Amino acid sequence: MDTLTINNATIKVNEEGYFTDPSQWNEEIAVEMAKKENIDLTDKHFEVLNFLRSKHAEEVPLSIRKVGKSGIVDIKEFYKLFPGGPLKISSKIAGIPKPVSCV
Amino acid sequence: MEDVKEMTADKVVAKEKKEVKKIMVICARGNLEDVYAALIMANGALAEGKEAKMFFTFFGLDAITKNKADHLHTATVGNPAFMRGLPTMIGGLPGFEALASSMMKKEMDKLDIPPVTEFFEMIDAGGGEIFACKLAADMFHLKKEDFIPEVKDIITVGQMYELAEGEGTHMVFI
């Protein structure tokens with residue numbers, strides 16, 4: 001287990017940089033995490049991040065298909081908002097573990 | 001005798017990670033499981049931020065043909081991996097293949113795996129490109145209108161190799 005220091009807060013992360021404790025997340029931290037991925041978060045980004053967090057809290061398995069059917073974004077938009085691996089990048093920024101999915 | 005470890009210590013260079021940057025998936029089969037393997041390989045690459053292109057040939061054309069894409073079957077005769085011990089005579093009974101295929105589709109549906117046409121929409125939305133083989137299309141008398149809208153073009157094997165160009169490209173043959 002490693003730690004990241006963001007805005008004077010010490011965040012527990014795993015070796016890939018994913019939060020091990022989702023409750024340590026807040027919106028300011030998300031902005032900093034996103035900057036590391038060269039993404040400037042907009043309201044649309046936050047809609048997706050909150051969707052991911054709520055699904056994770058409900059223990060619903062996540063996949064790109066689910067996000068595309070969420071009604072918040074379609075798959076094309078999802079790839080545009082988080083380029084280079086939308087689900088793995090957005091879940092890192094959302095402070096949830098990397099989803100295990102093949103779809 | 002000098003210590004070998006000491007001699008080479010400075011010269012030890014960390015092995016460079018050779019990432020897969022792009023894949024060209026060639027699908028020559030029209031079985032349900034083979035087509036899905038190809039789709040998952042391509043979509044999985046896109047989901048990891050890699051480039052993916054697909055080339056369908058011979059029976060793979062079924063996967064991109066409008067009226068066949070969502071009606072693919074898995075073999076129940078001559079397929080030793082399907083239900084070990086299943087007598088060939090049973091596997092060949094009328095309707096058995098359709099039933100087996102439908103059961104497989106139901107299991108995939110439970111795992112949130114989309115039907116073939118929707119899967120192609122996802123791959124297209126993720127930036128993947130789909131191509132049909134000219135030779136096979138001519139052989140089966142198929143034209144661009146017969147294919148799903150996501151098919152970008154009907155191309156030759158030479159053009160396919162051009163599209164596969166680039167460092168870190170891997171060819172996947174199914």
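Only a predicted model underlies this, so the values are computations on that prediction, with no experimental measurement involved. Lettering follows sequence order; numbering is per chain, from 1.
Within a 6.0 Å radius of OH in Y18(A), more than 12 heavy atoms belonging to other residues, nucleotides or ligands are found. Atom NZ of K88(A) has more than 12 heavy atoms from other residues, nucleotides or ligands within 6.0 Å. Within a 6.0 Å sphere centred on CZ of F82(B), other residues, nucleotides and ligands contribute more than 12 heavy atoms. Surrounding CE of M171(B) are more than 12 heavy atoms belonging to other residues, nucleotides or ligands, all under 6.0 Å away. Summarising the local packing, NZ of K66(B) is surrounded by more than 12 heavy atoms from other residues, nucleotides or ligands at distances under 6.0 Å. Counting non-hydrogen atoms of other residues, nucleotides and ligands closer than 6.0 Å to CZ of F96(B) gives a total above 12.
Rounded to the nearest 0.5 angstrom, M122(B) CE and D74(A) CG are separated by 11.5 Å. Distance SG/C102(A) to CD1/I113(B): 8.0 Å, rounded to 0.5 Å. In this structure, CD1 on I123(B) lies 10.0 Å from CD1 on I75(A), to the nearest 0.5 angstrom.
When the candidates G127(B), G126(B), G44(B) are compared by the number of heavy-atom contacts under 4.5 Å with chain A, G126(B) comes out ahead.
No part of E121(B) comes within reach of chain A, as not one of its non-hydrogen atoms sits under 4.5 angstrom from that chain. Within the 4.5 angstrom heavy-atom criterion, atoms from both the backbone and the side chain of L46(B) approach chain A.
P115(B) and R65(A) make their closest contact through CD-NH2, 3.8 Å (heavy atoms, listed as atom of the first residue, atom of the second, distance).
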